[in-house]
Amino acid sequence: MTNVPRVLGKSFGIRPTRGQVIGFACALPALAVLSYFFVGTASGAIPEHPGGDWLEIAFWLTAIATAFLSYLMMELLFRSREVKLLAPWPVHARDILNYQLRRVFSWVAITTIPWVFFWAPQLFCEPSIALLCISLWPAGLCVCAALALAVLVYTGDMATEKKGQAGFGIMAFSMAPAIALGGSLITTLLLKLLAEALLKPGFIDAALTAAGITAGAFAVAMFYASRVYKKRYYRILACFMDNDRIVLNAEYDFVGDATYQAISRAGAHSKTRALSCAWVAQCRRKFTLSSILVIVCELVLAASYLHSPESLGMTALRPGCFAILPVIVFSHPWLSVSRLAPEQLRCLPLREDEALRARLSACIRLVTVPSVLAGLAVAVPTASAHGLGAGMLQGVAVMAALFLITALLGYHAVPGRRSVLFTGACALFFAIVAIL
Amino acid sequence: MKPILEITELTKSYGRLTAVDALSMTIKPGEAVAFIGQNGAGKSTTMRAVAGLASIDTGSIRICGHDIASEPVEARQHFGYVSQDLDLYNYLTGEEFLMLVAQIRGCAPGDSESEIQALLELCDLNDARKRLIREYSGGMARKIAMAGALVGSPDLVILDESFVGLDPESTYRIGKFLKSYVAQGRAILISSHILDMLHAMCNRFFILHHGRCVADYSLNELDELCHSPETPDITAVYLQKTGQAGLIRADKAF
């Protein structure tokens, strides 16, 4: 009998190019170097936080990844290319679920490889803490995937029940990733507490409780989600597609007259400015969640410094600053802009350097806000120019990486060899910035 | 009269498959040229090459005297292109998109606003002007793409299967507009499988078969052919020229 999930995996699975594989392999040792110089020490840990900087960094990075995963789950379940393709085919919901779970868990497994490399140097200093840090990522992401699945299925189930209520479906599906995110963050925090309890002598009961709650949440979420999914997947999918197709008033989608005015005011003499405005508007509308996450991350960072004003030293600032960096990189403006550049752009009378300048200017505008916010998030609570510099440095680092891409890559294509060079150069650059 | 488009000995291959084989053609102002051919005949490849989106193996393409390969910006100033596979600025509104195209084409701000207004009305998108393009239906997206190709009134408009999925009202209105557009000394190059629509809209017909031009008729020549009993309409002419006249005979026997 045909193994449907395997067939689907073979048909729709992502096949990395040789360049991507080499780039990935090159980046792994760079990650180890980065962590060796940047992660700090666990030995300076205060008794209440036996994991020190390491667990803090592991927690924040995992929390950021869970935030993205909780949103990506919705894309995977209801919006991905294969879901749309499979929708009219006679495939059992259980097979689709198995295939989707395989995809999510293989994604978790693949991302765990660089994570292990990142912590590898620390394994030689404090193996127990490093091992706990390593396990936080896969554990956090798996629980997050289960919770997001359960929340989305529950939301879909509710939306199908209340089909008659106008706007309920849109509201429910819009809120679902945020609810999943909240649940995931709580469980990630529980996992961190569990790790800390394991490191403290005499806290075995607390560790067991945290482990029980997390494992219970995972099991209940998976059981509920798979039960409802198998029974009602197609109804939920149809409901989601209905709501996804509803035409919203553009004003609710962050659209006003401002962009139109900005493009028209750019004037015929400044093609670069007009294009840059259009790209910024597109990025802000498409990657709204990323923009919000960056701001949330900065606010959390600022709150944490306000809460513990004693952490004024650069060593204490490091984990927080380090945690924001991937957020800025995740919402990578250069890639975002390139993904939004349609083929039609290539038919317009635009010189390559004009398009490149427009793209760079859009990236600068998109990076300025998070980097200034990062600077302020550190500078205001600590009341130090030192902190402002540390935060702004991240923005500068990202910008410099963008310039590196400009130098290394062509305007339209990202060939394998160049992507390898780029990956290596970026990793090296970040390592240097971190050391400095 | 100076030609708007000159294609000389254009050849384009994909591996061992020759998509376009030594194709030469010239389009002059006032010509509405229909590109007809079966799937894979080389229509889209030729159009993409003219738009500078596909590299060519040999030959040359000049638009208003500018070589598309060596003078890409100057050549692009003279044409608008709508691709078969729509790839648009999905997160801009229709109005923002048209304004962006106007600015890149270097239109004067005052003129561009009135032109955008007129194009939105032509395409019946006035009510949707402030909606994101990703929220448009397939037909609406095609219409906004066509409006984008017409912004700045380029000398040549290339439409690759652009009328697929359009409602009859829009097809009629845009078709009528394109006829008047051509009458003002500009040109269009259009591919479609809706042959009757092409017959009504164009004044020159180019039949491609396996990457080669097998017929180049003016409207008068085509009309004369359509009066003969063997080829009563444009479809029959096309089938005969592409060596599929047997289909018509089989149909008659049936």
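Within every chain, numbering begins at 1; the chains are lettered A, B, ... in the order of the sequence lines, protein sequences first and strands thereafter. Quantities reported herein were computed from a predicted structural model and do not represent experimental measurements.
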Arg76(B) side chain reached by Leu350(A) side chain, heavy atoms, under 4.5 Å: no
Side-chain heavy-atom pair Pro349(A), Glu74(B) within 4.5 angstrom cut-off: no
Shortest non-hydrogen contact between Gln103(B) and Lys271(A), atoms and distance: O-CG, 3.9 Å
Arg129(B), part contacting chain A, at a heavy-atom distance under 4.5 Å: neither
Considering all heavy atoms, the nearest Cys347(A)-Tyr81(B) contact: SG-CD2, 3.4 Å
Heavy-atom closest contact (Tyr91(B) atom, Gln282(A) atom, distance): N-OE1, 2.8 Å
Considering all heavy atoms, the nearest Leu92(B)-Ala281(A) contact: CD2-CB, 4.3 Å
Asp353(A) CG: over 12 foreign heavy atoms closer than 6.0 Å: yes
Reported CG-to-CG distance for the pair Leu100(B) and Leu275(A), which is rounded to 0.5 angstrom: 5.5 Å
